[in-house]
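Working notes, structure below.
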Amino acid sequence: MDAWQGLMEGFATALTPMNLLFACIGVLLGTAVGVLPGIGPAMTVALLLPITYNVEPASAFIMFAGIYYGGMYGGSTTSILLNTPGESSSVITALEGNKMAKAGRAAQALATAAIGSFVAGSIGTALIVAFAPTIATAAVQLGAPSYFAIMMLALVAVTAVLGSSKLRGFISLFLGLAIGLVGADLLTGQNRMTLGVPLLSDGIDIVVVAVAIFAVGEALWVAAHLRRRPLEVIPVGRPWMGKEDWKRSWMPWLRGTAFGFPFGALPAGGAELPTFLSYVTEKKLTKHPEEFGKGAIEGVAGPEAANNASAAGTLVPMLSLGLPTNATAAIMLAAMAGYGIQPGPALFEENGDLVWALIASLFIGNALLLILNLPLAPVWARLLRTPRPYLYAGILFFASLGAYAVNLQWFDLLLLLVLGLLGLLMRRFGLPVLPMIIAVILGPRLEYQLRQALQLSSGDWSTLWSEPVAIIVYICMALIFIVPLVMKRVRGTGTGPDAAGSTAAESPDGR
Amino acid sequence: MVHRRAFLAGSLAGLTLAGCGVTRGENAGSRRLRMMIPNRPGGGYDLTGRTAVRVMEEEKITPRFEVFNVVGASGTVAMARLINEAGNDNLLQCMGLGVVGAVYTNKSDARVSIATPIARLIEEVEGVVVPADSPFKSIDDFVAAWKADVKGMTVGGGSSPGGPDHLFPMEVARAVGIKPADVNYTPYDGGGEILAALLGSKLDMATTGLGEFTEQIKQGKVRVLATSGEKAQKGAHAPALKDAAIALTFTNWRGILAPPEISTERRQELIDLLQQMHDSQGWKDVLAEREWTDAFVTGEEFGTFLKAQDERVATTLKELGLA
């Protein structure tokens, strides 16, 4: 009852014309920075921090919330249309989204991303209202062993996306792990595989890798074949989602939310892991496995919902513990400190009006995003009818801009080109792209959590199953392995060779 | 590790700064200056550097002042750039203790002592912090337990090796007679993760800038056993290390450098600009608002300090095999 009243008052604050204007600016800015690869919400909020000296706290946070959600959403647009993920959390979206776009279903992909983000964002925001303090206290109990277990689960799930040739899948996976190793070792500060180049000691940014492999690799591939192959004209397609699209999207939206929200709330969760888990889950559960790798709508709906839900989840520890779980939250906390507002359990009592205004503005920002983006989806989709030489020139431009914007170093352009060539070679030799991208994301984190766990236990390996969450995850992993085997036994030999071989029946991810 | 983005700083900075004063005649500040930030927007040096620039502009000490970020290897890349710009007398760089260490851990030759020291601006005290339910009630309790089992005591900090949160526990260890190389130090990805580890009691002790946890200390969610400054810190409810008979003072400072080989006159002009900034009401307000501790010294005095710090960091890191 109290919460409801608070929320209503929050809406009253957030819906004043001035604050609504700030929300609009925030959402537009957020979408813009989300669309531009390499420029993320953290940076935008950081650079807008000085305005907090001049405006009301509520207005500033309403704008920041708009930027944050907008950025999470905007990344999907370029992923789908140009195969150029703007953020690491929308890398997975590019996989199916871009295939859909090429099949003339860009509008549907954009729409399912927009609606999925809206659904996930709204549910996530509602969950903040309901559970913020409880979740936050539980989340800090998770230590490195639990994170390691969760990431191991994710790594096991990678085998589901290795593609039809396991050998090629593993080559790609290990290439990714190798790229992930570059940089200063986090625990000892020793440089690894940096060839003495200081610019490599921070590691290679995932955005640079993804943009290079996806966008540059593809542009080179197309350029290499343009003269030999007739132009494929991208069909125009229908402008809106059909009944079938809705039917296939709503469950992935909900499942994506279920993955994204808790990961957002975990101190070391992040937005990338849930998008990836959501993708793998949808791939397993779909009734249209043949479409995966060729543009399955589930593969866009799930991950997009997951990344927006994780954005909402991030606010849980931020508001209730003052614990930032990502860069954007850290900067929003700095802004709070600037106003003399201290997050923590007392926040809801002491600055209740502000918190509720922020939460109400999250709902409003979400709605604004939907209103802004849904009608634009068919318009954006027409972009793909640009003649291919111009389209790919544009893609290369965006890719370079993105790679440069990550660190403002020319060196990253060089990396982009080298990795782009690698992307071309991978396409030439039929190596699937997905295992590599996932390895780049997962590898360093897996290593970090393992080493941290072992460091804290002075090298005692039993620490890895010292936390209940870790044990539960390992049991789940064991079940994933054992259940199919048992099922096969129980059913007897009559079911034929492909009963347990569902993962093998996949279309190759590479082209 | 996760988020590294940069933004078209100029355009937005321009937006927020529109309406600032133009030149005020032919004084030293009327030249167009640039401020290099050695880490990404939103980080500590970024906050200090941009705030200093904003105060100088708002107080009309200088005309518009360009701020840009050079990211890489915890500041080593920016440091190398500063040294390469020898003789460029319109460039300044914000830096601090973390950059001094990063230069060594990255085996770079661009030592901070080569650059022209302009001014040290602020400093922050580090704290020895434990979870609320920790068995250690005082720094003596902790040191006794630490000496008994060095490797079994887990120490965490928000910086990678060579950074302030890493150097501080090593120096504490040496001061109480523990070999720094034996310290079981785990780096965390920034203050947020450290806080999570403390709240979840995953660590025996954390070393971190006190400013990060002001509120959690107030609420009793974490406890401070000792602070690293000359005097006990208000609100920390703990003694300074010195008062607890551990002969060590340690502060994480931030300051401004210029490239090497600039003229003495120009150097004095730049020092005067920062002196004006330091004396302004705007800067005093900022210090109060951010709870930064004023540590202003300029020119030679800062140079001497910088050399001493450089040597001190090098000694510690050499002992650890990192330099």
Side-chain angles (χ1 to χ4, degrees), chain A residues 33 38-40 42-51 88 137 139-144 184 186-191 198-199 201-203 205 267-268 270 317 321-331 334 337-338 342-346 405-409 444-445 448 452 455-456 458, chain B residues 1-9 12-13 16-17 40-43 46-47 50 54 68-74 76-77 80 105-108 151-152 154 156 160-162 166 184-193 195-200 202-203 214-216 218-219 221 289-290 322:
Chain A
V33 300
I39 300 168
M43 198 64 17
T44 319
V45 174
L47 288 162
L48 287 176
L49 208 51
I51 72 151
S88 53
T137 0
V140 295
Q141 295 306 323
L142 259 62
L186 282 160
L187 260 70
T188 64
Q190 306 287 347
N191 283 327
L199 283 164
S201 76
D202 284 343
D205 196 279
L321 294 177
L323 180 63
T325 55
N326 67 23
T328 315
I331 296 160
Q342 296 299 345
V406 172
N407 287 332
L408 298 179
Q409 296 282 8
R445 294 173 166 221
Y448 176 59
Q452 198 180 69
Q455 178 96 26
L456 291 178
S458 314
Chain B
M1 162 174 100
V2 189
H3 291 265
R4 40 179 79 126
R5 301 287 140 85
F7 198 67
L8 309 171
L12 269 176
T16 50
L17 300 169
R40 61 197 82 255
D46 188 67
L47 202 60
R50 281 182 199 273
R54 184 174 60 85
F68 65 108
N69 300 66
V70 174
V71 183
S74 313
T76 312
V77 173
T105 52
N106 286 292
K107 319 247 180 311
S108 162
K151 297 208 168 134
T154 51
S160 51
H166 171 254
N184 184 353
Y185 176 85
T186 307
Y188 281 78
D189 196 9
E193 280 199 16
L195 182 56
L198 279 173
L199 293 177
K202 306 290 172 198
L203 285 170
T214 318
E215 189 59 19
Q216 283 79 12
K218 211 187 285 170
Q219 292 171 358
K221 294 189 161 263
E289 188 182 305
R290 300 240 172 240
L322 286 171

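Convention: sequence-line order gives letters A, B, ...; per-chain numbering from 1. For the numbers below, each heavy atom of this structure counts, side chains included, while hydrogens, waters and symmetry mates do not.
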Heaviest contributor of heavy-atom pairs below 4.5 Å to chain A, chosen from B:Ala196, B:Gly162, B:Ala80, is B:Ala196
Smallest heavy-atom separation, B:Tyr188 atom then A:Tyr448 atom, equals CA-OH, 3.2 Å
Interatomic distance, CG@A:Leu456 vs OG1@B:Thr186, rounded to 0.5 Å, equals 4.0 Å
Judged by atom type as modelled, is there a donor-acceptor pair below 3.5 Å linking the side chain of A:Gln455 to the main-chain atoms of B:Tyr185? yes
Nearest heavy-atom contact between B:Lys202 and A:Gln141 is NZ-O, 2.6 Å
Exercise. Would you say A:Ser458's side chain and B:Lys151's backbone share a donor-acceptor pair under 3.5 angstrom?
Worked result: yes
Sorted by chain and residue number, the side chain to side chain donor-acceptor pair (under 3.5 Å) partners of B:Thr76 (sequence neighbours excluded) come out as B:Asn106
Answer key: most heavy-atom pairs under 4.5 Å with chain A among B:Leu203, B:Val77, B:Thr105 is B:Val77
